[in-house]
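Fair warning: this is a prediction, and the values are worked out from it, not measured in the lab.
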Amino acid sequence: MKISGQWKESAAVRGRQCSEGGGRLATIRDISKRCGVSVATVSKVLNGYREIGEETKQKVLKAAEELGYVQGERTKYGRQRRGYQIGFLLSTLSSQGLKNEYFASILSAFRQEATRAGYDITFIEHNVGKRSLSYLEHCRSRGFDGVCIACADFSRQEVLELINSEFPVVTIDQSFNESISILSDNADGMRQLTEYIISRGHTRIACIHGTHSVVTHNRLVSFHSVMARYGLAVPEEYLLEGEYQNADAAERLAGQLLDGRNPPTCILAPDDYAALGLIKAIKRRGLRIPEDVSVAGYDGISVSQALEPKLTTVRQDTERIGREAARQLICLMESPMTTPLETIVMPVELVEGESVGRLGTRRQAGRNYTGTKE
């Protein structure tokens with residue numbers, strides 16, 4: 001069954017009226033709730049699948065028209081006429097935007113790969129002309145073929161609305177069931193880093209971590225697992241929540257650790273940029289790195305190796321992440337029925353640097369540390 005041009009036109013008109021009136025545009029989930037059928041059933045009806053009964057088809061089409069659902073020429077699961085436009089959401093939590101080298105590098109690689117395939121990239125914003133729109137409304141108004149979400153507050157309702165919409169979506173550094181997710185191997189990266197620090201003789205290791213996310217959770221689980229395997233305690237005061245890409249917060253928390261009754265000999269930062277705050281706090285107290293206090297970061301951005309001493313960190317392959325995200329999104333847009341929605345984990349690399357000093361041999365730590373997966 002094919003959807004008639006009359007229904008498309010009616011839905012489009014209603015959708016424009018809804019948008020211009022400031023109301024929320026209808027989604028296939030709204031139709032699903034109205035009809036009491038699954039989202040998959042609604043999708044199949046709107047895409048012309050013949051396996052759905054006639055009564056259900058008519059109910060879905062009627063609800064879609066009444067709700068003003070805008071389908072036009074594109075859907076998540078069916079064939080479509082492409083406009084070769086991809087929306088890119090880079091709404092960073094720390095307001096660093098493209099100043100954030102990690103995400104800027106991902107965007108550059110993503111854009112190169114997408115351009116080779118004939119796609120243009122447009123940033124997803126809240127405003128189109130003089131109109132204020134949600135992320136989803138912006139994507140619909142632009143007629144994007146797909147969306148990449150590289151840096152956002154994934155707990156925000158409008159971000160979740162976009163992920164759960166009809167658009168093919170690839171997310172970076174966060175995992176969702178209804179999208180393709182590209183993640184670095186954060187568990188292995190933290191394993192390598194923690195084992196290396198222990199191999200340098202450190203037993204009092206503090207960890208300043210980022211806000212709650214899949215990335216943060218996996219790193220913390222790995223950190224605790226390695227510490228437990230070597231019989232090392234992690235005092236509650238050694239675990240502090242900071243923010244990714246926030247050097248000021250890291251400096252404040254590092255000062256709290258250094259001024260405590262039992263200061264750590266090594267402090268982990270949530271990322272290389274935040275590590276700058278740790279370094280500042282240490283130097284303000286007249287201490288030396290790594291002779292008095294050791295420091296480690298995460299990400300492997302260029303500034304980490306320009307520091308003196310060079311920062312010990314974990315390098316994430318941002319170019320590979322960006323290319324893979326673009327390739328997966330293009331496959332999902334062009335061949336949705338042969339592209340699985342899965343989480344793809346990319347390898348990382350320990351960069352030893354010079355910011356973690358040696359305190360002496362710690363039992364079996366030096367012999368056990370290999371820098372590779374066990």
Side-chain angles (χ1 to χ4, degrees), residues 86-90 92 96-121 123 146-152 154 163 168-176 179-193 196 210 213-219 222 244-245 270-273 275 296-306 310-335 338-353 370-373:
I86 293 175
F88 199 98
L89 181 58
L90 191 66
T92 179
Q96 290 294 318
L98 290 176
K99 295 178 182 178
N100 182 327
E101 182 182 329
Y102 173 73
F103 287 107
S105 179
I106 288 175
L107 171 61
S108 177
F110 182 96
R111 184 173 183 175
Q112 289 177 17
E113 190 70 23
T115 299
R116 276 196 288 268
Y119 287 86
D120 287 332
I121 309 299
F123 287 117
V147 172
C148 178
I149 304 177
C151 183
F154 286 96
I163 292 170
V169 173
V170 166
T171 60
I172 294 175
D173 278 352
Q174 187 63 281
S175 180
F176 290 93
S179 68
I180 295 175
S181 304
I182 312 294
L183 301 173
S184 283
D185 196 338
N186 286 281
D188 186 54
M190 183 58 78
R191 178 196 66 79
Q192 291 188 51
L193 184 60
Y196 173 74
S213 67
V214 170
V215 170
T216 300
H217 179 80
N218 289 344
R219 289 185 190 178
S222 184
Y244 290 111
Q245 304 295 321
D271 54 76
D272 292 347
Y273 188 78
Y298 207 102
D299 284 347
I301 61 176
S302 59
V303 68
S304 68
Q305 300 309 294
K310 293 181 179 179
L311 187 65
T312 296
T313 185
V314 174
R315 179 179 293 122
Q316 303 192 74
D317 193 340
T318 52
E319 183 176 343
R320 187 172 176 182
I321 292 171
R323 289 200 312 267
E324 186 64 23
R327 282 198 291 262
Q328 289 294 328
L329 181 56
I330 291 168
C331 286
L332 185 59
M333 293 185 299
E334 297 184 354
S335 304
T338 59
T339 304
L341 302 180
E342 60 184 349
T343 297
I344 299 171
V345 179
M346 314 299 284
V348 297
E349 175 190 7
L350 175 70
V351 179
E352 294 188 10
T370 62
T372 59
K373 279 189 176 179

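In this structure the side chain of Tyr102 reaches within 4.5 angstrom of the side chain of Ile321, judged on heavy atoms. Looking at heavy atoms from C-beta onward, Ile330 lies in side-chain contact with Tyr119 at the 4.5 angstrom threshold. Counting only heavy atoms from C-beta outward, the side chains of Ile106 and Ile182 never approach each other to under 4.5 Å. The shortest distance between side-chain heavy atoms of Leu341 and Leu332 falls below 4.5 Å. For the pair Cys148/Ile172, a side-chain contact is recorded, criterion being any heavy-atom separation below 4.5 Å from C-beta on. Using a 4.5 Å heavy-atom cutoff, the side chains of Asp317 and Met346 are not in contact.
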Next item on the list: Applying side-chain contact (heavy atoms from CB on, under 4.5 Å), run through Asp188 and Val345 and close with a yes or a no.
Entry: CA-CA 10 Å; Asp188 186 54; Val345 179; over 6 Å; no
Next item on the list: Step by step, work out the side-chain contact (heavy atoms from CB on, under 4.5 Å) result for Tyr273 and Val303.
Entry: CA-CA 8 Å; Tyr273 188 78; Val303 68; 5.9 Å; no
Notebook entry, point to check: What's the verdict on side-chain contact (heavy atoms from CB on, under 4.5 Å) for Arg315 and Thr313, showing C-alpha distance, side-chain angles and the deciding distance?
Noted result: CA-CA 6 Å; Arg315 179 179 293 122; Thr313 185; 5.6 Å; no
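Shown here are the salt bridge (Lys or Arg N to Asp or Glu O under 4.0 Å) partners of Arg116, two or more places apart in sequence or in another chain: Glu113. The side-chain hydrogen bond (donor to acceptor under 3.5 Å, both in side chains) test applied to Ser302 returns Glu101, not counting sequence neighbours.
Shown here for Ala109 and Glu319, the closest heavy-atom pair between the two residues is CB-O, 3.3 Å. The two residues Val348 and Gly189 come nearest to each other via the heavy atoms CG2-CA, 3.5 Å. When all heavy atoms of Pro340 and Thr338 are compared, the pair lying nearest together is CD-O, 3.7 Å. For Leu193 against Gly297, the heavy-atom pair with the smallest separation is CD2-O, 3.6 Å. Nearest heavy-atom pair across Gln305 and Leu311 is NE2-O, 3.0 Å. Contact between Ala114 and Ala326 at its shortest, heavy atoms only, is N-CB, 4.2 Å.
Rounding to the nearest 0.5 Å places CG of Leu90 at 6.5 Å from CG of Leu107. Between atom CG of residue Asp271 and atom CD of residue Gln245 there is a gap of 4.0 Å, rounded to the nearest 0.5 Å. Taking OG of Ser184 as the start and CZ of Arg320 as the end, the distance is 10.0 Å to the nearest 0.5 Å. Within the model, atoms CG of Leu329 and OG of Ser179 stand 10.5 Å from one another, a figure rounded to the nearest 0.5 Å.
Side-chain atoms of Glu352 do not come within 3.5 Å of backbone N or O of Thr312 as any donor-acceptor pair. Looking at Thr171, its side chain does come within 3.5 Å of a backbone N or O of Gln174 through a donor-acceptor pair. Panel note: side chain Asp272, backbone Tyr298; a donor-acceptor pair is recorded below 3.5 Å. Looking at Ser304, its side chain does come within 3.5 Å of a backbone N or O of Ile301 through a donor-acceptor pair. In this structure, the side chain of Asn186 does not engage the main chain of Arg219 through any donor-acceptor pair within 3.5 Å.
Classification of the Phe88-Phe123 ring pair by plane angle, with boundaries at 30° and 60°, yields perpendicular.
A donor-acceptor pair shorter than 3.5 Å can be found between the side chains of Ser175 and Thr343. A donor-acceptor contact closer than 3.5 angstrom is absent between the side chains of Asp173 and Tyr244.
Considering His217, Gln192, Met190 in turn, Met190 is the only one that fulfils the side chain to side chain contact (heavy atoms under 4.5 Å, CB included) rule with Ser222.
Within a 6.0 Å radius of CZ in Arg327, other residues, nucleotides and ligands contribute more than 12 heavy atoms.
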